[in-house]
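Written below as structure tokens is the structure these notes are about.
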Amino acid sequence: MSSIDKQQYDVVVIGGGPGGYKCSITAAKLGLKVACIDKNAIFGGTCLRVGCIPSKALLHISHEYTKAKNDLLKFGINITGINFDLQQMLNYTNARVEELGNGIDYLFNLFKVTKIHGIGKIHSCKPGNLEVLVNDNILKTKNIVIATGSEASALPGIDIDEQKILSSTGALSLTEIPKKMVVIGAGAIGLEMSSLWSRLGTDVTVVEFSNRIAASVDSELSNALLISLQKQGIKFLLNTKVEEIGQNSVQISAGNIEADKILVAIGRTPNYEINDKIIKNNRGFIEVNSKYETNIKGIFAIGDVIGGIMLAHKAEEEGIAVAEVISGQSPHVDYEIIPSVIYTYPAVSSVGKTEEELKDANRKYKVGKCQFAANGRAKITDIAEGFVKVLVCSVTDTILGVHIIGAYADTLINEAAVAMAYGAAAEDIYRICHSHPDINEAFRDACIDAFFKK
Ligand code: NAI
């Protein structure tokens with residue numbers, strides 16, 4: 001913890017997750033005097049400690065394991081006696097989390113952000129005379145940014161004890177492989193955790209309320225992902241409501257499903273217990289105006305706590321934007337082009353409109369596609385499952401949405417996001433030379449397909 005300055009801060013940021021720490025560093029770069037408070041000693045928030053980073057590390061490791069076990073013989077690589085050490089997997093992951101946490105400390109030191117480990121509460125809401133209480137100290141500040149994130153939603157009457165009934169936090173720290181796991185909810189968390197534990201030998205059943213998995217993605221990709229995950233051995237019960245959760249089972253209308261671990265992954269709820277004068281909407285999210293300012297002048301809120309897409313990189317964008325607002329600039333976050341990724345295998349990624357959204361809006365559009373089976377790099381590296389789907393305006397040829405399912409969907413989507421940010425037409429991508437043989441050619445080929453469609 002850095003020493004607290006008794007003089008007035010320009011900004012006190014409550015919450016050191018991706019939104020909060022990016023906001024702090026940006027504000028400091030812009031010449032403001034900044035303190036950032038977090039109740040955890042490792043800054044980086046849910047994303048770094050118990051979310052994006054450990055989950056993607058363990059997904060990567062478990063994928064490497066299944067690849068070594070099942071997929072190398074065809075390349076002429078014969079490895080026998082493959083097994084794994086779960087504790088070492090967790091040790092590896094924890095070490096990377098610690099290193100990345102140290103990276104945030106390094107940046108705070110570099111840009112002279114005061115790092116405070118403690119629980120921050122808003123002590124005075126008087127505009128022009130704001131105060132934050134932390135560890136019995138009062139910090140005087142011109143502006144406050146609330147970036148306190150979210151926590152896993154619980155089912156009514158169900159206690160998430162992180163022993164038998166888990167949130168994603170518990171599911172990322174199991175020290176024994178469960179025999180049977182029931183996952184409630186087929187959103188990003190449910191699907192990623194199902195993939196992780198199923199790869200390591202757990203018998204996983206996913207119970208999902210709606211008639212499809214990954215409800216927010218284009219339905220063609222959601223269907224393709226369902227088929228692929230079923231082939232990998234994960235069982236899905238769609239249109240299914242959980243009626244009760246027992247110690248070793250989950251009750252649904254068709255009967256009981258046995259489980260030694262039950263993961264509840266039904267969404268996330270905002271964390272905001274820092275002041276009751278801040279107005280929230282009827283879903284519990286803090287209300288802000290277009291400049292992220294709450295009902296109290298000088299108090300801003302960003303990230304999961306204000307709702308919208310609950311993604312780390314959306315919070316980061318808002319963190320940067322609010323730092324710019326406070327320093328007198330007029331930033332703009334384009335919510336239409338925030339990419340999203342589900343890190344299963346194959347991964348699924350999207351940016352922009354889905355086909356359903358374009359139909360609902362009566363937009364005239366063309367669909368361009370490229371199967372990875374037609375892509376040289378995908379073929380030679382044996383990752384040819386999946387496709388790129390590009391949706392373009394029939395009138396202007398502008399790219400309206402890009403949806404990818406495939407091994408490299410996660411990184412590939414960012415080329416699409418850049419293209420859309422510059423208002424690219426399918427023809428623009430057609431006219432840009434792409435290196436060969438590379439995965440990104442599949443995006444270009446999907447654009448070429450769309451461009452030549454009548
Ligand atoms: P989610 O909102 O994405 O999905 C929850 C799913 O649970 C929905 O499909 C819903 O229909 C289902 N559900 C709700 N109540 C249910 C019930 N009683 N019985 C059965 N099914 C039920 O929530 P999730 O997966 O927990 O993720 C939380 C947030 O974190 C999301 O905003 C997600 O985007 C974000 N996240 C993103 C990741 C990524 O980008 N890779 C990874 C992890 C989380």
Side-chain angles (χ1 to χ4, degrees), residues 5 7-38 43-45 47 104 107-108 110-116 120-132 134 139-150 270-272 274-275 277-281 285-339 417 421:
D5 198 320
Q7 288 168 13
Q8 178 155 293
Y9 284 93
D10 293 312
V11 193
V12 172
V13 180
I14 306 178
Y21 82 72
K22 281 273 160 128
C23 173
S24 303
I25 291 168
T26 308
K29 282 181 182 169
L30 291 168
L32 302 177
K33 187 174 165 64
V34 187
C36 182
I37 304 171
D38 199 289
F43 278 38
C47 166
I104 296 172
L107 291 172
F108 274 16
L110 188 67
F111 294 106
K112 302 193 170 37
V113 173
T114 308
K115 177 189 171 189
I116 303 170
K121 301 251 178 204
I122 298 174
H123 187 252
S124 161
C125 282
K126 234 193 241 161
N129 193 18
L130 300 172
E131 291 176 351
V132 174
V134 59
L139 308 185
K140 290 187 179 300
T141 180
K142 291 181 194 152
N143 301 281
I144 294 171
V145 177
I146 303 169
T148 45
S150 63
N271 275 330
Y272 51 68
I274 52 172
N275 190 282
K277 292 200 180 87
I278 314 274
I279 294 179
K280 289 119 204 160
N281 66 21
F285 296 103
I286 292 178
E287 281 197 349
V288 291
N289 64 18
S290 60
K291 293 186 164 174
Y292 306 100
E293 198 162 25
T294 66
N295 56 306
I296 297 170
K297 196 166 165 32
I299 303 187
F300 299 81
I302 54 158
D304 283 7
V305 81
I306 64 167
I309 321 169
M310 293 171 101
L311 294 175
H313 47 279
K314 173 262 195 189
E316 287 183 11
E317 292 311 297
E318 293 175 345
I320 293 167
V322 83
E324 291 172 346
V325 166
I326 291 169
S327 63
Q329 300 180 24
S330 304
H332 170 68
V333 176
D334 191 345
Y335 289 97
E336 290 294 312
I337 45 170
I338 293 186

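In this structure the side chain of Phe300 never reaches within 4.5 angstrom of the side chain of Glu318, judged on heavy atoms.
Interatomic distance, Phe43 CZ to Cys36 SG, rounded to the nearest 0.5 Å: 5.0 Å. Note that CG of Asn271 is 11.5 Å distant from CD1 of Ile146, once rounded to the nearest 0.5 Å. Once rounded to the nearest 0.5 Å, the distance linking NZ of Lys291 with CD of Gln329 reads 11.5 Å.
Without hydrogens or angle criteria, Ser124 side chain to Asn129 main chain gives a donor-acceptor distance under 3.5 Å. Judged by distance alone, the side chain of Lys115 and the main-chain N or O of Val113 form no donor-acceptor pair under 3.5 Å. Of the possible donor and acceptor atoms, one in the side chain of Asn295 sits under 3.5 Å from a partner among the backbone N and O of Lys277.
Between Lys33 and Asp10 there is no salt bridge, since no side-chain N of the basic residue sits under 4.0 Å from a carboxylate O of the acidic one.
Heavy atoms only, all atoms of each residue included: Gly44 and Ile104 are closest at CA-CD1, 3.5 Å. When all heavy atoms are compared, the tightest approach of Lys314 to Ile306 is NZ-CG1, 3.8 Å.
Applying the salt bridge (Lys or Arg N to Asp or Glu O under 4.0 Å) test to pairs two or more places apart or on separate chains, those with a residue in residues 18-32 are Lys22-Glu316.
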Test side chain to side chain contact (heavy atoms under 4.5 Å, CB included) applied to Val145 and Ile326, step by step: CA-CA 10 Å; Val145 177; Ile326 291 169; 3.8 Å; yes

